Amino acid sequence: MDTIKTDQQVRRTEIKSILESGEVGATVLVKGWVRAFRANRFIALNDGSTFNNLQIVVDFENFDEELLKSISFHSCISIKGQLLESQGKGQKYEILAEEIELLGGSNPDDYKLQPKKQTMEYLREQAHFRMRTNTFSAVFRIRHAVAFAINKYFHDRGYYYLHTPIITGSDAEGAGEMFRVTTLEPNGAPLNEAGEVDYQQDFFGKATNLTVSGQLQAEIGALALGKVYTFGPTFRAENSNTSRHLAEFWMIEPEVAFADIYDDMDLAEDFSKYLINFILENYPDDLAFLDKRIQDMEKQMKKEDRRPMGLLDTLRFVVENDFERITYTEAVNLVRNSKPYKKGRFKFELEWGMDLQSEHERWLVEKKFMKPVIVRDYPKDIKAFYMRMNEDDKTVAAMDVLFPGIGEVIGGSQREERLDVLKARMAQMDIHEDELDWYLDLRKFGGCPHAGFGLGFERMVLFITGMSNIRDVIAFPRTPGNAEF
RNA sequence: GGACGUGUAGCUCAGAGGCAGAGCAGUCGGCUGUUAACCGUCAGGUCGAGAUUUCAAAAUUCUCCAUGUCCGCCA
């Protein structure tokens with residue numbers, strides 16, 4: 001038989017559906033990408049619907065030699081045939097091919113890739129290939145599922161999804177360096193009398209930036225709709241070169257009226273556990289693969305660098321145990337009285353009033369408590385202006401949720417609802433009232449206690465997938481010096 | 001922004017002054033139950049770039065370029 005057109009009467013079935021509820025003996029049509037063609041007889045086909053491949057059995061005498069030759073690594077084919085119970089060991093079903101059509105070839109002379117382990121760095125440069133690998137297809141299925149679970153969690157609990165602006169005119173949010181948004185030409189922009197760029201002549205009539213946080217706007221939503229959350233892209237122009245920072249990332253920011261810092265911590269813990277549980281229950285194949293992948297990698301590492309638990313065990317452990325809750329003051333004392341601190345094993349000193357260093361946080365999470373830790377009541381001087389002042393007048397009702405391996409995944413606070421206290425804080429921190437008059441209005445007209453937090457979406461996906469670099473849980477990472485694709 | 005590391009075949013890497021190497025991928029041939037299939041065959045190189053030391057440099061030294069890890073800033 002030569003190349004045969006597929007019979008349009010038969011509709012395509014997704015591989016996930018065949019593996020879950022296939023009917024032996026039925027004629028099915030499948031389409032997908034070739035992961036392997038072994039022994040001139042067995043094709044491992046993947047169509048992205050599931051982690052698992054479907055085995056296609058080809059009697060090569062029945063097909064044109066040129067057609068079979070064109071079935072190379074990552075070519076795209078359509079197969080019609082009968083679904084059978086597999087005679088081999090590695091899989092339950094297989095399809096005996098009756099008709100094969102080449103949808104998209106992949107010339108091996110030009111296609112410089114192979115079915116083998118690649119470095120994450122190399123794959124970042126090969127966009128089409130990256131997402132077809134076992135690792136990344138698993139990561140991106142899970143990423144989708146986490147996003148879905150976020151919306152489901154909040155919707156089921158009566159929160160409203162609020163879309164806060166991506167372009168903002170406020171430059172007082174204080175969450176980091178911002179990307180400027182302008183239509184003015186870099187050379188030849190109009191100048192004002194002081195010789196500075198005149199943004200009054202810019203598109204919006206003022207200087208504008210990409211958002212670093214939707215929180216201030218979300219507060220307005222919370223004090224009207226009661227419970228809201230944002231989930232959108234966020235931009236930080238920080239020159240941060242680490243495995244847990246992106247210049248463009250997605251952030252979730254719930255904001256709740258009538259909530260205090262304890263409600264906030266309860267929400268953060270319950271929410272985190274829900275997301276992890278959702279993936280454990282719905283994506284066991286992808287998680288099992290990622291778990292095994294990490295185990296294989298760890299075998300080649302020194303014992304002291306290995307993680308104390310595997311991925312699945314870590315996720316279950318987080319879901320099944322309460323997060324540890326301590327104050328900043330307790331955290332400082334624990335670190336200062338720890339063996340490694342006394343023996344000078346830490347690079348940085350720690351005194352009350354200083355920010356906890358990564359190494360201190362990691363000791364608390366990974367050595368002392370062996371689970372996520374929520375630290376609250378930080379010194380006011382190392383936190384943002386909008387956080388609620390505690391009665392000691394030294395600390396604010398802020399909390400950070402620290403996860404093993406990643407550090408801060410959630411940062412939140414109860415917001416300062418007392419107008420006079422907020423104004424005093426802004427004056428101390430040199431933030432001009434006229435830039436945030438709309439934010440102050442919220443305290444003037446029907447203000448109330450409220451709280452919320454920001455969760456770094458990619459950091460949560462990083463934790464759940466067990467990947468080690470945040471660039472490998474987003475399809476097209478933007479980092480300093482890199483905006484490919 | 002700071003510190004350190006890495007650039008050798010399409011990919012992953014070895015080579016530590018003396019002929020440019022291996023595995024996988026690719027070519028060609030073989031193989032009707034494979035699971036990163038296997039066996040044989042052939043081909044594949046400006047050793048990141050430019051200088052420098054040397055009889056001799058992929059290797060020493062310097063500059064530049066690219067890239068990674070860690071730290072800082074944060075989510």
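The model shown is predicted, which means the values in this text are computed figures rather than measured ones. Letters A, B, ... mirror the listed sequences (proteins, then strands); counts begin at 1.
Nearest-nucleotide assignment on RNA chain B puts the 5′-proximal partner with A:Asn482, out of A:Leu246 and A:Asn482. When each of A:Phe37 and A:Gln87 is assigned the nucleotide of RNA chain B with its nearest heavy atom, A:Gln87 is the one assigned upstream, toward the 5' end.
Between the side chain of A:Glu94 and the base of B:G33, a donor-acceptor pair under 3.5 Å is found. Evaluation of atom-type donor-acceptor distances gives no pair under 3.5 Å for the side chain of A:Arg38 against the base of B:A36. Residue-to-nucleotide contacts include no donor-acceptor pair under 3.5 Å from the side chain of A:Glu121 to the base of B:U69. If you check distances only, the side chain of A:Ser240 does reach the base of B:C73 with a donor-acceptor pair under 3.5 Å.
The shortest distance between the side-chain N/O atoms of A:Arg471 and the OP1/OP2 oxygens of B:G68 is below 4.0 Å. Regarding contacts with the backbone of B:G1, a side-chain N or O of A:Asn239 is found under 4.0 angstrom from either OP1 or OP2. Between A:Ser243 and B:C70 there is a side-chain N or O to OP1 or OP2 distance below 4.0 Å. Under 4.0 angstrom from either OP1 or OP2 of B:G68 there lies at least one side-chain N or O belonging to A:Arg124. The side chain of A:Gln357 contributes an N or O atom lying less than 4.0 Å from OP1 or OP2 of B:G72. At least one side-chain nitrogen or oxygen of A:Lys69 sits closer than 4.0 Å to the OP1 or OP2 atom of B:C28.
When the P atom is used for both B:G7 and B:A14, the distance is 7 Å, rounded to whole Å. Of the C1' atoms belonging to B:C47 and B:C19, the separation is 15 Å, rounded to the nearest Å. Nucleotides B:C73 and B:G2, compared at atom C1', are 12 Å apart to the nearest Å. B:U27 sits 15 Å from B:A9 when the C1' atoms are compared, rounded to a whole Å. Atom P of B:A56 sits at a distance of 45 Å from the matching atom of B:C39, rounded to the whole Å. Taking the P atoms as reference points, B:U41 lies 33 Å from B:A59, given to the whole Å. Between B:U35 and B:C24, the two P atoms lie 15 Å apart (nearest whole Å). Between B:C38 and B:G33, the distance separating the two P atoms is 16 Å to the nearest Å.
Less than 6.0 angstrom separates the ring centroid of A:Phe271 from the ring centroid of A:Phe154. Residues A:Phe457 and A:Phe231 place their aromatic rings such that the two centres sit under 6.0 Å apart. For an aromatic pair to be called close, the ring centres must be under 6.0 Å apart, and A:His360 with A:Phe346 satisfies this. Aromatic ring centroids of A:Tyr328 and A:Trp352 lie under 6.0 Å apart.
Across B:U32, B:U34, B:C31, the shortest atom-to-atom separation from the side chain of A:Gln91 is found for B:U34. Closest approach to the A:Phe249 side chain among B:A75, B:U32, B:C13 is made by B:A75 (side chain taken as heavy atoms from C-beta onward). Listed candidates were B:C13, B:U35, B:C74. Nearest to the side chain of A:Thr119 is B:C13. Candidate nucleotides B:G72, B:A75, B:C11 were compared by shortest atom distance to the side chain of A:Tyr122, and B:C11 ranks first. Distances were taken from every side-chain heavy atom of A:Ser86 (C-beta onward) to each of B:U32, B:U69, B:G33; the shortest belongs to B:G33. For A:Arg41, whose side chain is taken as the heavy atoms from C-beta onward, the closest listed nucleotide among B:U34, B:C74, B:U32 is B:U32. Of the listed nucleotides (B:U35, B:C70, B:C73), B:C70 has the atom at the smallest distance from the side chain of A:Asn241. When distances are taken from the side chain of A:Phe60 to each of B:U32, B:A37, B:G33, the shortest belongs to B:U32.
Cation-pi contact between A:Arg130 and A:Phe136: present, with separation from the ring centre below 6.0 Å and deviation from the ring axis of at most 45°. Geometrically, A:Arg157 engages A:Tyr153 in a cation-pi contact, judged by NZ or CZ lying under 6.0 Å from the ring centre and within 45° of the ring axis.
When the P atom of B:C28 is taken as reference, atom CG of A:Asn40 falls 13 Å away, rounded to whole Å. Atom pair A:Leu123:CG and B:U12:C1' shows a separation of 12 Å (rounding to whole Å applied). Following rounding to the nearest Å, A:Ile464 (CD1) and B:A75 (P) show an atom-to-atom distance of 19 Å. B:G72 atom P lies 11 Å from atom CG of A:Leu356, rounded to whole Å. The nearest whole Å value for the distance from the CD1 atom in A:Ile43 to the P atom in B:G33 is 17 Å. One can place CZ of A:Phe73 at 9 Å from P of B:G26, the figure rounded to the nearest angstrom. Protein atom NZ of A:Lys92 is 24 Å distant from nucleotide atom P of B:G33, rounded to whole Å. Following rounding to the nearest Å, A:Lys347 (NZ) and B:G2 (P) show an atom-to-atom distance of 15 Å.
Across all strands shown, A:Phe453 has no heavy atoms under 4.0 Å from either base or sugar-phosphate atoms. Nucleic acid contact for A:Ser358: sugar-phosphate only, since backbone atoms but no base atoms lie under 4.0 Å from a heavy atom of the residue. Counting non-hydrogen atoms under 4.0 angstrom, A:Asn53 reaches nothing in the nucleic acid. Across all strands, A:Asp355 comes closer than 4.0 Å only to sugar-phosphate atoms, never to a base (heavy-atom distances). In this structure, A:Gly454 reaches the sugar-phosphate backbone alone: every heavy-atom distance under 4.0 Å involves primed, P, OP1 or OP2 atoms, never a base.
Across all strands shown, B:A58 remains unpaired; no Watson-Crick or G-U wobble contact has both distances below 3.5 Å. For B:U52, there is no paired base (Watson-Crick or G-U wobble, both distances below 3.5 Å). B:C13 is paired with B:G21 under the criterion used here, namely a Watson-Crick or G-U wobble arrangement in which both key atom distances are under 3.5 Å. Base pairing analysis places B:C38 opposite B:G30; the two distances defining the Watson-Crick or G-U wobble pair are each below 3.5 Å. Pair assignment for B:U6: B:A66, on the basis of Watson-Crick or G-U wobble contacts that are both within less than 3.5 Å.
When only modelled atom types and interatomic distance are considered, A:Gln217 and A:Thr164 share no side-chain donor-acceptor pair under 3.5 Å. For the residue pair A:Arg415/A:Ser413, the side-chain donor-acceptor check at 3.5 Å is satisfied. Judged by distance alone, the side chains of A:Thr208 and A:Arg180 never bring a donor and an acceptor atom under 3.5 Å apart.
Base orientation at B:A25 is anti, since its O4'-C1' glycosidic dihedral falls outside 90° of 0. Syn is the conformation of B:U32, whose glycosidic angle sits no further than 90° from 0.
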Using a 3.5 Å cut-off and no angle test, enumerate the donor-acceptor pairs between side-chain atoms of residues 403-411 of chain A and protein atoms at least two apart in sequence or in another chain.
none

